[in-house]
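Some notes on the structure that comes next.
Protein chains get the first letters and strands the later ones, always in sequence-line order, with residue 1 at the start of each.
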Amino acid sequence: MSRTSQTDVRLDGTRDLRPDREAITRPGGPRARGERLMVPKADFRSYYGRPVLQPTPWSDHDIAGYLFLGGLAGASSTLAAAADLMGRPHLARAAKAGAACALGGSLYCLIHDLGRPARFLNMLRVFKVTSPMSMGTWILSAYGPPAGLAALTAVTCRFPRAGRAATVTAGLIGPAVATYTAALISDTAVPVWHDAYREMPFVFAGSAAASAGGLGILAAPVTEAGPARSLALIGALTEYTAVRRMERRLGMVARPLKKGRGGVLMRLGKALTLTGAVAAQTVARRDRTAAVAAGAALLAGALCTRFGIFHAGLQSSRDPRYTVQPQRARLEKAEGEGSRS
Amino acid sequence: MAFDLDLALAAPYDPASASGYREHPERMGFFTDTSVCIGCKACEVACKEWNAIPDHPLGFTGMSYDNTGGLGASTWRHVAFIEQPGRTAGADGAEFRWLMASDVCKHCTHAACLDVCPTGSLFRTEFGTVVVQEDICNGCGYCVPACPYGVIARREEDGRVWKCTMCYDRLGVGQEPACAKSCPTDSIQFGELTELRTRAERRLEQLHEAGVGSAQLYGHDPGDGVGGTGAFFLLLDEPEVYGLPPDPVVTTRDLPAMWRQVALAATALLAAVAVTALGARS
Ligand code: SF4
C-alpha cells in the first residue's frame with residue numbers, strides 16, 4: 001500500500017482496527033467498587049459521552065402532571081357516565097367533579113409549559129394526524145365542554161337532561177383523553193418512550209383507570225363505590241402487566257425504568273397502586289377511613305408511575321448509550337443478514 | 001403533507017411536491033465532506049453573523065478544539081473535533097488522526113420535527129428544506145425530542161425553537177447559505193441534492209482508492225430511516241464518533257401502529273368500565 005500523500009487518515013484502511021484513544025467516555029462516570037455490572041461493559045462509541053438527542057424541554061410538574069391529570073379526568077368521566085346510568089348519584093357526582101378539576105389542572109399545565117403561553121391558541125391553526133399534540137388539542141376541545149357541563153349540572157342539580165347528555169358524551173370521549181397521551185410521548189426519538197409504544201397506551205389506560213377508581217373510592221360513600229373498587233383493581237392489574245411486558249420487550253433500553261430516579265418512582269408507583277387496589281377490595285369495603293386511605297394510595301400510585309415514565313424517558317435521552325447501542329445492533333443485524341443472503 | 005401517514009419510500013420521493021408545491025425549484029442540500037475540513041469554524045461564525053443568532057455561553061469544554069459543544073437553539077453549525085492517536089504508525093510512532101466535521105440540521109426527507117409540530121410553524125419550503133416560522137411557534141417543544149439527531153432546540157429566554165434554515169432568505173434570492181459561502185476548503189458544498197449525491201459518490205471512490213477504507217457516506221441513502229437527508233456527510237469514522245446516530249428512524253414511521261394501540265387501549269378502558277358497571281348491578 002502506498003504511503004504517500006495521506007494527510008488525514010490512517011493507512012491501514014480497515015474499520016475494525018481502532019485507534020488507541022478515541023472520543024469515548026464512560027457515561028455515568030466510574031463505577032463504585034463492588035457495584036455489579038447489570039449490562040455488559042459499554043461497548044459503544046460516542047462524542048465525548050455527550051447525548052445524541054436534545055434534552056426534552058418539558059418540566060415534569062407540567063407534563064408528567066398532565067399525563068396524570070388527563071388520565072384521571074378521562075377515566076373519571078367514563079366512570080361517571082356508568083355511575084349515572086346505574087343510579088349511583090354520589091359516585092357519579094364525585095367522578096364528574098373530579099374530572100372537571102383534573103381537566104382544569106390539565107389545561108393549566110399544558111399552557112404553562114409552553115415557551116410562549118400567550119400563543120396557545122395557535123394550536124388550533126391546524127389539524128394534523130401526524131402530530132399527537134394536535135390531535136390531543138382537538139380531543140380536549142371536544143371533551144372539555146361536555147365534561148365541564150356534566151360537572152356543573154351535577155353540582156348545581158339543574159338541567160338534568162342536558163346534564164345526562166353531557167355526561168354520556170364526556171364518558172365516551174374520556175378513554176381517548178386518557179390514552180392518546182401514550183402516543184404523545186411515544187411519537188418522539190426518546191428511546192424509552194418511543195420503543196415502548198406498543199405497551200404504553202395500556203400502561204396509561206390501566207393507570208388512568210386505577211386513579212379514577214381511587215378518586216371514586218376516596219370521595220363516594222362505600223355503599224356506592226363498588227364499581228370504583230372494581231375499576232381500580234382492573235386498572236392496577238392492567239398497568240402492572242403492561243409495565244412488565246414493556247420492560248421485558250425493551251431489553252437494555254428499559255434500564256432507566258428500573259434504575260435511578262425513574263426506577264424509584266416506578267417501584268413506588270407499583271407498590272402504592274397494588275396496595276391501594278388490594279386495600280380497596282378488603283378493608284375499604286366497610287370502613288370509610290380505610291377507603292380514603294386506599295383511594296389516596298391509588299391516586300399517589302398513578303402519579304408516581306407517570307412521573308417515573310417521564311423521568312425514565314429523560315434519562316434515556318441523556319445517555320447516548322440508549323440511542324447508539326440499539327441502532328448499532330440493528331445495523332449489524334441487517335449487515336449480517338445482507339452478507340448471508 | 002400533514003396527512004401523509006404513508007411513508008412508503010417510493011423512490012424518488014420529492015418532499016416539496018409531496019408538500020403540495022406544484023412548481024418548485026430543485027431540492028437543495030448540503031454535502032459536508034469532512035475529509036477536507038480544517039476546523040476553522042468559519043461556518044459557525046458566518047452562520048451566527050448572517051442569521052443574527054445571539055451569543056451562547058462560551059466555556060472551556062476540554063473536548064479538543066470544540067468549545068461550542070453541539071448544535072442547539074443558538075448554534076446552527078457545530079464543528080466537532082476528535083483526536084485519535086493512531087495505534088500503528090511509521091517508524092517514529094507519531095501517527096495521529098484529528099477528525100473535524102461541521103454538523104448541521106439534516107433537513108430530513110421525512111422530518112419528525114415537522115410531522116409533530118402542532119401549530120404548523122414548521123414547514124417544508126419549495127427547496128425541500130425544513131424551516132420554523134418564528135411568528136407562529138408557541139414553544140410547545142414537541143419537535144425537540146422528536147428530532148432523531150438532536151438538532152432543534154428551544155431558546156429558553158425567548159421561548160421558541162430555533163434551528164438552521166439553510167439560509168432560506170439567501171436561497172430565495174439565488175445566494176448560497178452563509179456557511180457554504182464562507183468555507184475556505186469547500187468542505188461544505190451547497191447545491192442541487194441529486195448533483196451533490198453524485199459528487200459524493202465520486203469523492204468516496206477516490207478516497208477508497210487512496211486507501212482510506214474508513215471513509216463512508218452518511219445520510220445520502222433515500223432508503224434509510226428518514227428517507228435520506230438534505231444535508232449529508234462524508235465521514236472518516238462511524239457516525240456515533242461524531243455524535244451522530246448510526247441508524248436514525250423518523251419516529252412518525254411507527255405512528256399508525258401507535259394510534260392503533262391507543263384505539264385498542266381506549267376501547268379496553270371503555271369495556272372495563274362497562275364490565276364493572278354491569279358486575280355491580282347483578
Ligand atoms: S434533523 Fe431534526 S430538526 Fe432537522 S429536519 Fe430532521 S428532524 Fe427536523
Side-chain angles (χ1 to χ4, degrees), chain A residues 1 8-10 13-15 19-23 45-48 50 52-54 56-58 78-79 82 86 114-116 119 122-123 125-126 128-131 133-134 175-176 179-180 182-183 186-190 194 197-198 201-202 205 209 226-227 230-231 234 323-324 327-328 330-331, chain B residues 2-3 5 35 63 70 80 82 84-88 97 112 115-120 136 138-142 144-148 150 153-154 159-160 211-214 236 238 240-243 245-247 251-252 254-255 258-259 261-262 265-266 268-270 272-273 276-277 279-281:
Chain A
M1 195 188 294
D8 50 356
V9 279
R10 289 175 301 130
T14 51
R15 281 201 202 175
D20 280 337
R21 198 177 73 90
E22 312 181 288
R45 308 202 288 163
S46 75
Y47 186 64
Y48 301 95
R50 292 179 71 96
V52 171
L53 303 172
Q54 288 284 345
T56 304
W58 297 336
T78 311
L79 179 62
M86 286 187 319
L114 294 178
R116 288 284 173 103
R119 290 186 180 178
N122 281 4
M123 295 280 191
R125 284 181 77 246
V126 290
K128 273 171 91 169
V129 282
T130 59
S131 170
M133 196 182 282
S134 170
T179 51
Y180 94 86
S186 288
D187 195 26
T188 60
V190 175
H194 177 269
Y197 72 84
R198 280 178 219 282
F202 293 93
S230 317
L231 185 62
I234 297 178
T323 314
V324 172
Q327 294 188 14
R328 230 333 116 210
R330 192 160 67 211
L331 280 180
Chain B
F3 302 95
L5 270 179
S35 68
M63 292 158 28
I82 300 130
Q84 297 185 332
R87 117 170 63 190
T88 53
R97 184 161 85 146
D115 283 343
V116 304
C117 174
T119 63
I136 291 177
N138 69 4
C140 77
Y142 200 8
V144 178
C147 172
R154 192 158 81 181
R160 296 172 292 178
V212 190
S214 63
L236 296 177
E238 303 298 348
E240 57 265 39
V241 173
Y242 298 88
D247 185 26
T251 179
T252 36
D254 298 320
L255 189 57
M258 292 177 202
W259 283 132
Q261 296 297 96
V262 166
L269 179 53
L270 203 59
V273 175
T276 56
R281 185 174 276 178

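In terms of heavy-atom pairs under 4.5 angstrom with chain B, the leader among Thr323(A), Val324(A), Ile234(A), Leu79(A) is Val324(A). Across Ala268(B), Gly70(B), Pro148(B), the residue that shares the most heavy-atom pairs under 4.5 angstrom with chain A is Pro148(B). Residue with the most contacts toward chain A among Asp247(B), Leu270(B), Leu269(B): Asp247(B) (heavy-atom pairs, distance under 4.5 Å). Your options are Leu231(A), Thr78(A), Asn122(A), and the one with the most heavy-atom pairs under 4.5 Å with chain B is Asn122(A).
Shown here are the side chain to side chain contact (heavy atoms under 4.5 Å, CB included) partners of Cys117(B), two or more places apart in sequence or in another chain: Lys128(A), Thr119(B), Ser121(B), Leu122(B). Applying the side chain to side chain contact (heavy atoms under 4.5 Å, CB included) rule to Asp254(B) yields the partners His194(A), Tyr197(A), Met258(B); only residues at least two apart in sequence or on another chain are considered.
With a 4.5 angstrom heavy-atom cutoff, Ala272(B) touches chain A via backbone and side-chain atoms both. Looking at Tyr242(B), only its backbone comes within 4.5 Å of chain A, counting heavy atoms on both sides. Heavy atoms closer than 4.5 Å to chain B are found in the backbone of Ala176(A), but not in its side chain. With a 4.5 Å cut-off on non-hydrogen atoms, Cys147(B) touches chain A through its backbone but not through its side chain.
In this structure, the side chain of Trp259(B) does not engage the main chain of Tyr180(A) through any donor-acceptor pair within 3.5 Å. The closest donor-acceptor contact from the side chain of Ser214(B) to the backbone of Leu236(B) lies under 3.5 Å. For the pair Ser131(A) (side chain) and Val116(B) (backbone), a donor-acceptor distance under 3.5 Å is present.
In this structure, Arg328(A) pairs ionically with Glu240(B), as a charged nitrogen and a carboxylate oxygen lie closer than 4.0 Å.
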